[in-house]
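Just below is one structure, and these are the notes that go with it.
Here, residue 1 is the first one in the sequence, and each next residue gets the next number. Being a predicted model, the structure only gives us computed values, none of them experimental.
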Amino acid sequence: MMKKAFILGSAAFLCLAIATGCTTLEAETAPSPLETAMPSASMEAPLNTPDASQAAQAEVYRLVGKEATIQVADAKVKGGAFYAGEGDDTMVFPLAEVAKALGWEVSEPADASGKTEINLTRDDEKVSIAYQKPNVNNVGTIAGVMVTKGGQPVSLGDEPIPHIDGMLYVTEAFLDKVLQEVTVAYDGALSITISAKA
């Protein structure tokens with residue numbers, strides 16, 4: 001008897017769901033006040049972090065071409081390229097991925113926020129990049145990045161160094177100064193090519 005009542009109740013609930021246009025049987029819940037106060041993260045809008053002590057500052061980075069891929073030598077690089085801000089045509093690229101494609105060995109710590117150091121080596125060359133890594137989903141410019149090449153500090157000037165999708169991104173000028181001189185070509189649609197200068 002109990003089993004029959006359960007089956008009838010389930011059937012009635014299913015009919016009610018179909019009649020009201022419900023497409024899933026998940027309960028809807030109202031967002032909490034915290035969820036409505038904090039915007040969701042996206043590639044074009046920064047995640048606002050409540051902790052002002054973090055080294056990241058909120059910025060807007062626009063994806064370069066929705067389907068554009070980065071090609072370095074014979075390798076297709078993981079991650080997209082971004083413009084460094086509104087009205088700025090300076091592109092930024094995923095440092096570790098581009099460095100690997102240029103022949104550098106990359107040593108970076110596991111995904112965790114806090115004090116971080118990325119080490120790059122190629123032949124006798126050594127580069128160290130130290131910074132305060134924000135939360136993985138944070139999108140923003142990193143302040144206080146310290147770069148050494150061959151044990152000597154490298155002045156970065158005003159180069160934007162954002163942290164996007166858990167990766168450090170750098171400009172063509174950073175690549176020129178820190179790794180090696182490169183040229184960047186974008187076809188305006190699907191392909192960004194980074195080539196080492198001879």
Check T141 against Y61 and note the closest heavy-atom contact, atom names and distance. OG1-OH, 2.5 Å

Using side-chain heavy atoms (C-beta onward) and a distance below 4.5 Å, is V147 in contact with P153? no

Strictly distance-based, threshold 3.5 Å: is any side-chain N or O of D176 a donor or acceptor partner for the main-chain N or O of V182? yes

Can you give me the closest heavy-atom contact between Y186 and A68, atom names plus distance? CE1-CB, 4.1 Å

Would a 4.5 Å heavy-atom cut-off, applied to side chains only, mark I70 and I194 as touching? yes

Beyond-backbone contact of I129 with L120, side-chain heavy atoms, under 4.5 angstrom: yes

Where do S195 and T193 come nearest, in terms of heavy atoms and distance? OG-CG2, 3.7 Å

Applying side chain to side chain contact (heavy atoms under 4.5 Å, CB included) to V64 and I192, what does each step give before you reach the verdict? CA-CA 9 Å; V64 176; I192 301 164; 3.9 Å; yes

Worked check of side chain to side chain contact (heavy atoms under 4.5 Å, CB included) between I118 and V106: CA-CA 7 Å; I118 298 174; V106 178; 4.1 Å; yes

Look at the side chain of K149 and the backbone N and O of E125, then say whether any donor-acceptor pair between them is shorter than 3.5 Å. no

Min side-chain heavy-atom separation F93-V184 under 4.5 Å: yes

Between the NZ atom in K126 and the CD atom in Q152, the distance rounded to the nearest 0.5 Å is 14.0 Å

With sequence neighbours left out, what residues match E117 under salt bridge (charged side-chain N to carboxylate O under 4.0 Å, His left out)? none

Between N119 and V127, is a side chain to side chain contact (heavy atoms under 4.5 Å, CB included) present by the stated rule, with each step listed? CA-CA 6 Å; N119 292 298; V127 172; over 6 Å; no

Calculate, to the nearest 0.5 Å, the distance between atoms CG and NE2 belonging to L168 and H163 respectively. 7.0 Å

Tell me if a side-chain donor or acceptor on R122 pairs with a main-chain N or O of A99 at a distance below 3.5 Å. no

Run the ring-ring contact (aromatic ring centres under 6.0 Å, His included) test against Y169 and tell me which residues pass, sequence neighbours left out. F82

Do the side chains of V92 and Y83 get nearer than 4.5 Å, heavy atoms only? no

Sidechain-backbone polar pair: T116 side chain, G114 backbone, donor-acceptor under 3.5 Å: yes

For L102 and V98, run side chain to side chain contact (heavy atoms under 4.5 Å, CB included): C-alpha distance rounded to whole Å, both residues' side-chain angles, the deciding distance at 0.1 Å, then the answer. CA-CA 6 Å; L102 289 171; V98 170; 3.9 Å; yes

Within-4.5 Å side-chain heavy-atom neighbours: P162 and I142: no

All heavy atoms of Q180 vs all of A196, minimum pair found to be NE2-CB, 2.8 Å

From CG (L190) to NZ (K66), nearest 0.5 Å: 13.0 Å

For a quick test of reading the model, state the closest non-hydrogen atom pair linking E172 to T183 and the distance between them. OE2-CA, 3.8 Å

Between NZ on residue K100 and CG on residue L95, distance to nearest 0.5 Å: 10.0 Å

Between the CD atom in Q132 and the CE atom in M146, the distance rounded to the nearest 0.5 Å is 13.5 Å

Roughly how far apart are F174 CZ and L179 CG, rounded to 0.5 Å? 6.5 Å

Using every non-hydrogen atom in the two residues, find where P94 and K78 come nearest and quote the distance to one decimal. CG-O, 3.4 Å

